[in-house]
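For the numbers below, each heavy atom of this structure counts, side chains included, while hydrogens, waters and symmetry mates do not.
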Amino acid sequence: MRPEPEKQRYELYLMKRQGGGHFVTGYTRWKDIRAEHVERAGGEEAVEAGKQALLAKVQGHRLAEIRRSRGLTQQDIAQRLRLTKGRVSQIEQGKISGQEILVRYVTALGGRLHQSIYFEDGDIAAIA
């Protein structure tokens, strides 16, 4: 246990760190406030749409990173896919996405898409 003066200094430090003198006595659980935030975002469908849009954007940026790391240009990919360079740019920005697009893009990179199922118990099963 801390000596009394040191303990008081530590409590004062915590008090200042936690918001100007207010002790934090608990925490807020996401499940307690989720409904309010979902409603503010426009409902469950809007949240899901936003999630999918964000995932498409992240995936598109990752495809662009991989393309650059392999020394390929958007024009190279466009020729291999028989698309315009603008369409490749849209894929890399996440504006166009989907499983078929992903498979075709990966093939244009010279690779194969490997898919797996990850289970909560730790098992992994390859499906392609």
- [ ] Sequence neighbours left out, what passes side-chain hydrogen bond (donor to acceptor under 3.5 Å, both in side chains) with Arg70? Give chain and number order.
- [x]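 Partners of Arg70 under the side-chain hydrogen bond (donor to acceptor under 3.5 Å, both in side chains) test: none.
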
Task: Residues in side-chain hydrogen bond (donor to acceptor under 3.5 Å, both in side chains) contact with Arg112, at least two apart in sequence or another chain - done: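 Listed in chain order: nothing, the list is empty.
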
- [ ] Using the test salt bridge (charged side-chain N to carboxylate O under 4.0 Å, His left out), find all partners of Glu65 that sit at least two apart in sequence or belong to another chain.
- [x]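 Result, salt bridge (charged side-chain N to carboxylate O under 4.0 Å, His left out) vs Glu65: Arg62.
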
Task: Residue pairs involving residues 76-85 (criterion side chain to side chain donor-acceptor pair (under 3.5 Å); sequence neighbours excluded) - done: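 Listed once each, the pairs are Thr73-Asp76.
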
Task: Within residues 118-128 or reaching into it, pairs that qualify as side chain to side chain donor-acceptor pair (under 3.5 Å) - sequence neighbours excluded - done: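 Counting only pairs at least two positions apart or across chains, no side chain to side chain donor-acceptor pair (under 3.5 Å) contact touches residues 118-128.
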
Task: Ionic contact status for Lys51 with Glu44, cut-off 4.0 Å - done: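 Not counted as a salt bridge, because no side-chain N and carboxylate O are separated by less than 4.0 Å.
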
- [ ] May I ask you to say whether Glu36 pairs ionically with Arg40, meaning some side-chain N is under 4.0 Å from a carboxylate O?
- [x]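 Between Arg40 and Glu36 there is a salt bridge, with a charged N closer than 4.0 Å to a carboxylate O.
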
Task: ring pair (Phe, Tyr, Trp, His ring centres under 6.0 Å) partners of His114, counting only residues at least two apart - done: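 His114 satisfies ring pair (Phe, Tyr, Trp, His ring centres under 6.0 Å) with no residue once adjacent residues are dropped.
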
Open item on the list: Could you check whether atom CD of Glu39 has more than 12 heavy atoms from other residues, nucleotides or ligands sitting under 6.0 Å from it?
Closed with: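 Not more than 12 within 6.0 Å, no.
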
Open item on the list: Please check if the number of heavy atoms outside Glu48 that lie under 6.0 Å from its CD is greater than 12.
Closed with: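 Counting neighbours around CD of Glu48, more than 12 heavy atoms of other residues, nucleotides or ligands fall under 6.0 Å, so yes.
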
Task: Gap separating the CD atom of Gln59 from the OG atom of Ser97, nearest 0.5 angstrom - done: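 These two atoms lie 7.0 Å from each other.
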
Open item on the list: Working to the nearest 0.5 angstrom, can you tell me the gap between Gln74 CD and Gln90 CD?
Closed with: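 So the gap between those two atoms works out to 10.5 Å.
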
Task: Test log, rule side chain to side chain contact (heavy atoms under 4.5 Å, CB included), inputs Phe119 and Ile124 - done: CA-CA 6 Å; Phe119 295 96; Ile124 304 171; over 6 Å; no

Determine whether [X] and [Y] fall in the same hydrophobic cluster, where Ile, Leu, Val, Met, Phe, Trp and Tyr are linked whenever their side-chain heavy atoms lie under 4.5 Å apart.
X: Ile96; Y: Ile66; result: yes
X: Leu72; Y: Leu113; result: yes
X: Ile91; Y: Val58; result: no

Task: Shortest non-hydrogen contact from Tyr105 toward Leu81 - done: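 Looks like N-CD2, 4.1 Å.
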
Open item on the list: For Ala108 versus Ile77, what's the shortest heavy-atom pair and its separation?
Closed with: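 Residues Ala108 and Ile77, closest heavy atoms: O-CD1, 3.9 Å.
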
Task: Note, His61 side chain near Glu92 side chain (heavy atom, < 4.5 Å) - done: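 SC-SC contact between His61 and Glu92 ruled out.
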
Task: Side chain proximity check, Arg67 to Leu63, heavy atoms < 4.5 angstrom - done: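 Heavy-atom side-chain distance check fails, nothing below 4.5 Å.
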
